[in-house]
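Have a look at the structure below before the remarks.
The figures that follow rest on heavy atoms only: side chains count, while hydrogens, waters and symmetry mates do not. Counting starts at 1 for both ligands and their atoms, in listed order.
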Amino acid sequence: MFQAPRGTEDVLPEEIPYWTYVEETARRYARLFGYGEIRTPTFEDTGLFARGVGAATDIVEKEMYTFKDKGGNDLTLRPEGTASVVRAYIQHGMHTRPQPVRLFSLISAYRYDRPQAGRLREFHQFNCEAIGEEDPLLDAEIITMAWRFYEGLGLRNLTIALNSIGDSACRPAYLQALTAFYEAHAGEVCPDCQRRLHVNPLRVLDCKNPRCQPVIDEAPKITDYLCDACADHFATVRSALAALALPVQLNPRLVRGLDYYNRTVFEVWPPVVGSQAALGGGGRYDGLVEQLGGRPTPAVGFATGIERIIINLKHQGVAVPAAPAPRVFIVPLGEAAREVATRLADDLRRRGTSSLIGLGRRSLRALLRQANSLDCTWAIILGDQEVATGTATVRHMLQSTEERLPLPQALERVANLVQ
Ligand code: AMP
C-alpha cells in the first residue's frame with residue numbers, strides 16, 4: 001500500500017473550506033495593500049538558494065530537495081519564496097516599474113525537516129515581497145499587512161516580535177562582541193552553538209537547547225550596537241507601529257533562519273507556544289537583489305505558513321464558510337428517465353445551478369438518502385409516470401415537501417435565482 005510521503009499531507013474535500021478561506025483572505029489583504037500576484041516555478045537552479053538563502057543556513061546545509069534532471073541540471077524544489085521572486089524581479093527588469101514593486105504569491109515549499117505538528121516537508125505559504133524601497137514606513141506597512149490579515153482571518157491574541165539586526169556597517173562589531181562573549185562561555189553552550197559561532201554566529205541566539213538559554217540571556221544585544229542609520233530606521237518602524245497600537249514586543253534576541261535579512265526582522269506568534277511555532281515572519285533584505293546579480297536594491301518581505309494558520313484557526317474555534325453543497329440531485333428511475341435526467345442536469349448546469357444525477361440504478365430510497373447526505377437542497381424525481389407525461393416530482397429536501405410539475409417549471413423551481 002502506498003502512503004503519501006512522510007511530511008506531506010493530502011487535503012481532503014472536507015478540509016478545503018479552511019484552505020479556500022485562508023487563500024481568499026490572503027488575496028483580499030494583498031489587494032488592499034496593493035500587492036500584485038506573481039507565480040514562479042516550483043524548482044530553480046540550486047545556486048539561487050545556495051547564494052540567496054545562505055550556504056551556512058540549516059535550510060541549505062540540510063533541508064533542500066536537490067536533484068539533477070535528465071539533462072544534468074542541478075535543481076532544487078524551492079525551500080522558500082523570496083529568492084525566486086527576487087530572481088524574477090531581476091530577470092524581468094522590474095526596477096523600471098514604479099518602486100517599490102509589491103508582489104505576493106501563494107506557494108508550496110519544500111524542506112527536508114523532521115515532521116511534526118505544523119512542520120512538514122511540503123508546506124504552503126502566503127508570501128509577500130516589496131522590492132525597491134528603503135523607507136521604514138514600508139517595513140511598518142508589511143508588518144501591518146501581516147497583522148490585519150491575521151486579524152481578518154479571525155485569529156486573536158497574537159503578538160508581534162520585533163528586532164533590528166543592523167546592517168553591514170554595524171553588525172560586524174556586534175558579531176565580534178557576540179563571538180568574544182561566547183568564546184568566554186564555550187563550556188556552557190551546546191556543541192551546535194560552538195559550531196554555529198564560527199559559521200553563522202547570529203544563529204546562536206536562536207538555539208532552543210535549554211542549556212544555552214542562560215548564555216543567550218546574558219549575551220550582548222544587537223540593539224546596543226546599531227549604527228545611527230539603522231537605529232533611526234528602526235525607531236521610525238517602531239513609532240509607525242506604535243501609532244497603530246499593534247501589540248509589538250521588542251525582542252533583541254530575535255534572528256531569523258535565512259541569511260539575507262538585515263535591519264528589521266519580525267515574527268508573529270500565536271498565544272499557545274509550541275516548540276517553534278511562529279505563524280509567520282519576515283524582514284528587510286537590502287542586500288539580496290545585488291547578491292543575486294541585480295543592482296543594489298532595498299527590499300522587505302513576509303511569509304506565513306498556511307498549515308500553521310489552519311491549526312490556529314481550529315484551535316481558536318474560528319468558523320469558516322462551508323463549501324457549497326450541490327443544489328439539485330436528480331433521481332432517475334428507469335432507462336428512459338436516465339436520458340431525461342442527463343438533459344435536465346445539463347440544462348441546469350448551463351444556467352449555473354449545480355446538479356448531480358443519481359447513478360447506478362439504485363432505488364428511490366437509496367438515492368434520496370444520498371441526496372440528503374450530500375446536503376442537496378432539491379431532489380428531482382423522474383419515474384415512469386413523470387417521463388410519460390413530461391413532468392417531474394420536485395422534492396424540497398429539508399422541508400420534505402413534494403410537488404409534481406411540468407419539466408420546464410420544475411427546472412425554474414430549482415434553478416438558482418441569483419447566479
Ligand atoms: P521561514 O521561511 O522559515 O521564515 O518561514 C515562514 C513561515 O512558513 C513560518 O512562520 C511557518 O508558518 C511556515 N513554515 C516554515 N517552515 C515550515 C514547515 N517545515 N512546515 C510548515 N510550515 C512551515
Checklist line | Ion pair check, R343 and E339, cut-off under 4.0 Å | finding: yes
Item checked: Set of side chain to side chain donor-acceptor pair (under 3.5 Å) partners for E307, sequence neighbours left out -> H124
Notebook entry, point to check: Using a heavy-atom cut-off of under 4.0 Å, does the side chain or the backbone of Q125 touch ligand 1, or both, or neither?
Noted result: side chain
Notebook entry, point to check: Does R111 have any side chain to side chain donor-acceptor pair (under 3.5 Å) partners at least two apart in sequence or in another chain, and if so, which?
Noted result: none
Note to self: Is the contact between R256 and ligand 1 made by the side chain, the backbone, both, or neither, using heavy atoms and a 4.0 Å cut-off?
What the structure shows: side chain
Next item on the list: Select the closest option to atom 20 (N) of ligand 1 among T82, T57, L120, judged by heavy-atom distance.
Entry: L120
Notebook entry, point to check: To which of Q116, E9, R111, E63 does the heavy atom nearest atom 1 (P) of ligand 1 belong?
Noted result: R111
Notebook entry, point to check: Heavy-atom contacts under 4.0 Å between I309 and ligand 1: side chain, backbone, both, or neither?
Noted result: neither
Item checked: Nearest-option assignment for atom 18 (C) of ligand 1, heavy atoms, candidates F302, F123, F126 -> F123
Check: How far is atom 11 (C) of ligand 1 from its nearest protein heavy atom, and which residue and atom name does that atom have?
Finding: R308 NH1, 3.4 Å
Item checked: Carboxylate-amine/guanidinium proximity below 4.0 Å for E61 and R203 -> no
Checklist line | Within reach of ligand 1, part of R119 (heavy-atom separation under 4.0 Å) | finding: both
Item checked: Whether over 12 other heavy atoms sit under 6.0 Å from Q176 CD -> no
